[in-house]
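Before any comments, here is the structure.
These figures come from a predicted structure and were not determined experimentally. Numbers restart at 1 for each chain; the letters A, B, ... are given by sequence-line order, proteins then strands.
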Amino acid sequence: MKKQLETLISQAVTVLKAQEILPTDLNPTVHIERTRDTAHGDFATNIALMLAKPAKTNPRQLAEQIIAALPINEAISKVEIAGAGFINFFMNSNAQYQVIADIQIAGENFGKSQIGAGKKVQVEFVSANPTGPLHVGHGRGAAYGSVVGNLLTATGFEVHREYYVNDAGRQMDILATSVWLRYLEACGETFTFPSNAYRGEYVRDIAQKLVESHGKNYSHSTATVFADLPLDEPEGGNKDDYIDALILRAKALLNDGYRVVFDAGLNDILSDIKEDLAEFGTTYNQWFSERSLMDDGSIERSLTVLKSNNYLYQKDGATWFKSSDLGDEKDRVVIRDNGQYTYFASDIAYHWNKLERGFDVLIDIWGADHHGYIARVRAALTALGADQTKLNVLLVQFANLWRGTEKVSMSTRSGEFVTLRELRDEVGRDAARFFYVMRRSEQHMDFDLELAKSKSNENPVFYVQYAHARVCSVFRQLTEKGFTQDVALGMTNLAELTAEHETALLTTLARYPEVIERAATQYEPHLIINYLRELATDFHTYYNAHQFLVESDTVRNARLNLITAIRQVLVNGLTLLGISTPEVM
RNA sequence: GCGUUUGUAGCUCAACUGGAUAGAGCACCAGCCUUCUAAGCUGGGGGUCGCAGGUUCGAGUCCUGCCAAGCGCACCA
């Protein structure tokens, strides 16, 4: 309907151009919006206000001319000029019932569209280092990313969901070394655990499994392991130098065994992450290995291109990328003075690889702490001769975790964090997903565990699910009372739906496709939540005000068709969010 | 200091991207279960949209400057 009005206005504008009332070089974007107040009709446009100045006339006069040029359409019952020059449209009351039939025919496809036109979109999200279990901070990215993916699929994009696995690099070496040291402890060695190593309990578990599978094959004495190392930070040294020395020592003493220890840690944690996300309702098309970029020469190849484009130089023994020439604050190291690639080097290759795979749009969903990273990735793509405008980086602000009035502090390294799995166990998958996408992603969010945990009416997810369960309950009652639903009879008697609550619901239902389109194009899943809460409110209000299972066959079936449509939209919306739709609560 | 995100009701957040009288949920107060599930509904109080300018028919929304908070500013990822 909204689209139709846009077309009509555009046609009117074309007519006025032909009459030279409007300048011919004008190409306004027609904006139709739903009115907030029913006194203003069903839809309104500000087109006359926008064009008054270029047309050198006053808005109300122009509005009259636009209305005069408007093609006749039977769905419109009245057009008014209001306020400063708004054009208000009142729709024919018969037209509003069409949405019930639309929903019935489209079913689970109601709300879907083809605005994406099959464009290939890659959505990369979570991509947490496999150095430990996912925590609640990752949960927001997981929920947000998967719903954005669902929305893009629903609007006709071809979506590829991907997790970038940082299975190479220094952090993973620190993990491998941490596992090895815990393994040595399990073998009976005693020493002070490095301050910069991973201290989480899961590291001990991995080490224990290593003992069970490989015995003491990789054990060395404390004296050998710690001989001639620099001091750790608590002893007055540098924690980074100390851990780097331990990594080298581990590699030297273990030789081929290092990879066994390394992979033990990687595989254990990665499979935990995969299981965790799957249980959270977040799935991927691909788990992309950083190590593969190293192995197949992609990193080297991208650096060669950067070099031949004159974007690399040597300084202080390291290789730098001249990102400051392309909008970044400063230049960035790509090869460290010890010959190791930086994380950034593999990320350059990774993003180039994405574009080479032919995606029309890249969406990276990052934690807000990585925002300083955007400029250098864009710079790198430009320097490679690639189109950086295809890259969209969506930042997700961190959720502050609260237990009632107490803020929960978190640090991966110290091992003090609430895991995503713990959160799911406590509040359930539905509530967790709902809470995570309830707010705009850029909004700093407070996540109160106590509130999300509560199985009470304070929890908004139940409110929406309950609306669905209530519709289901009505149909159970229908059977118990010996009625059966006659859809066709209901459809021919939709004009029985004249109560205010009913017309309000018809309008709300008709808005659903617009909400989905907007949520998808703006990457704003919270709009779905807001909408579903509104729809649920409208339904609960209706439920309390009117009896559905009345004696009149025509009224009863008309109402049943209405609530069937409501149930369908609730299902469609909650499914997009990855939230279940229980029939009984 | 520089960059970036945020600042709206007591609290947590919306506001159709510049539109008409800024809205919800908690919390608080007063009501509604013999009726399809009360995880529900009805009514009420609550606001200098951080502050100050500017842009225009019109600003919570755009521009500038302040103030405050979060996050960055590594040869970590």
Side-chain angles (χ1 to χ4, degrees), chain A residues 2 31-37 39-40 44-46 49-50 52-53 58-59 82-86 88 127-129 131 166 169-172 174 196 240 290 315-320 329-330 332-344 346-347 367-375 395 397-398 400 438-448 451 455-467 469-478 480-481 511 514-515 518 522 526-527 529-530 533-534 536-537 539-550 559 563 584-585:
Chain A
K2 210 169 167 178
H31 193 62
I32 304 280
E33 59 179 39
R34 287 187 179 271
T35 56
R36 217 182 314 224
D37 188 340
H40 298 143
T45 180
N46 60 353
L49 290 160
M50 308 258 298
K53 192 167 233 181
N58 76 68
F86 291 99
N88 292 339
S127 298
N129 285 350
T131 53
N166 297 117
R170 181 165 174 267
Q171 292 303 325
M172 285 306 295
I174 295 176
N196 208 22
D240 285 309
E290 179 187 6
K315 195 182 87 180
D316 302 334
T319 304
W320 297 69
E329 293 175 355
K330 50 178 135 175
R332 309 291 176 177
V333 170
V334 286
I335 305 177
R336 300 204 279 159
D337 57 6
N338 65 6
Q340 297 245 305
Y341 293 125
T342 59
Y343 170 84
F344 180 45
S346 39
D347 226 12
D369 56 332
H370 285 62
H371 80 262
Y373 210 77
I374 300 171
L395 295 178
Q397 294 289 339
F398 280 139
N400 286 317
M438 192 161 54
R439 309 301 183 202
R440 259 169 59 234
S441 65
E442 306 86 33
Q443 183 68 247
H444 304 250
M445 187 177 84
D446 281 344
F447 195 132
D448 186 349
L451 180 67
K455 296 270 182 193
S456 74
N457 52 0
E458 292 169 341
N459 218 329
V461 61
F462 293 131
Y463 183 82
V464 176
Q465 288 180 320
Y466 182 47
R470 258 187 163 172
V471 176
C472 295
S473 173
V474 171
F475 280 98
R476 284 190 296 271
Q477 284 293 320
L478 180 77
E480 280 178 29
K481 291 189 176 178
R511 271 175 48 216
E514 298 161 21
V515 171
R518 190 177 152 74
Q522 305 292 325
H526 76 279
L527 296 176
I529 300 250
N530 290 348
R533 292 174 80 168
E534 264 181 72
T537 299
F539 170 73
H540 287 308
T541 303
Y542 179 41
Y543 180 96
N544 273 56
H546 297 277
Q547 188 80 13
F548 307 152
L549 302 179
V550 292
R559 287 182 176 169
I563 67 170
V584 185
M585 289 177 73

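Listed pair A/T537 / B/A24 fails the phosphate criterion, with no side-chain N or O lying under 4.0 Å from OP1 or OP2. A/K330 has a side-chain polar atom (N or O) that falls below the 4.0 Å cut-off from OP1 or OP2 of B/A74. For the OP1/OP2 pair of B/U5 and a distance below 4.0 Å, the side-chain nitrogens and oxygens of A/R440 include no atom meeting the criterion. One finds no side-chain N or O of A/Y463 lying less than 4.0 angstrom from the OP1 or OP2 phosphate oxygen of B/C26. Phosphate contact (OP1/OP2 of B/A14, side-chain N/O of A/Q443, threshold under 4.0 Å): present. Neither OP1 nor OP2 of B/G25 sits under 4.0 Å from any side-chain N or O of A/R533. Between B/U37 and A/H540, no contact under 4.0 Å exists linking OP1 or OP2 to a side-chain N or O. Side-chain N/O atoms of A/Q465 include none lying less than 4.0 angstrom from OP1 or OP2 on B/A39.
For the P atoms, the distance linking B/G43 with B/G25 amounts to 11 Å, nearest Å.
In this structure the side chain of A/T537 never reaches within 4.5 angstrom of the side chain of A/H540, judged on heavy atoms.
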Polar atom pairs between nucleotides 1-3 of chain B and protein, under 3.5 Å, N or O only, would you list them?
unit_1, atom_1, unit_2, atom_2, d
B/G3, N2, A/H371, NE2, 2.4

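Pairs of Watson-Crick or G-U wobble type, with distances under 3.5 Å, assemble into runs of 3 or more in RNA chain B at these ranges: B:1-7 with B:67-73, B:10-13 with B:23-26, B:28-32 with B:40-44, B:50-54 with B:62-66.
For A/N46, whose side chain is taken as the heavy atoms from C-beta onward, the closest listed nucleotide among B/C16, B/G19, B/A77 is B/G19.
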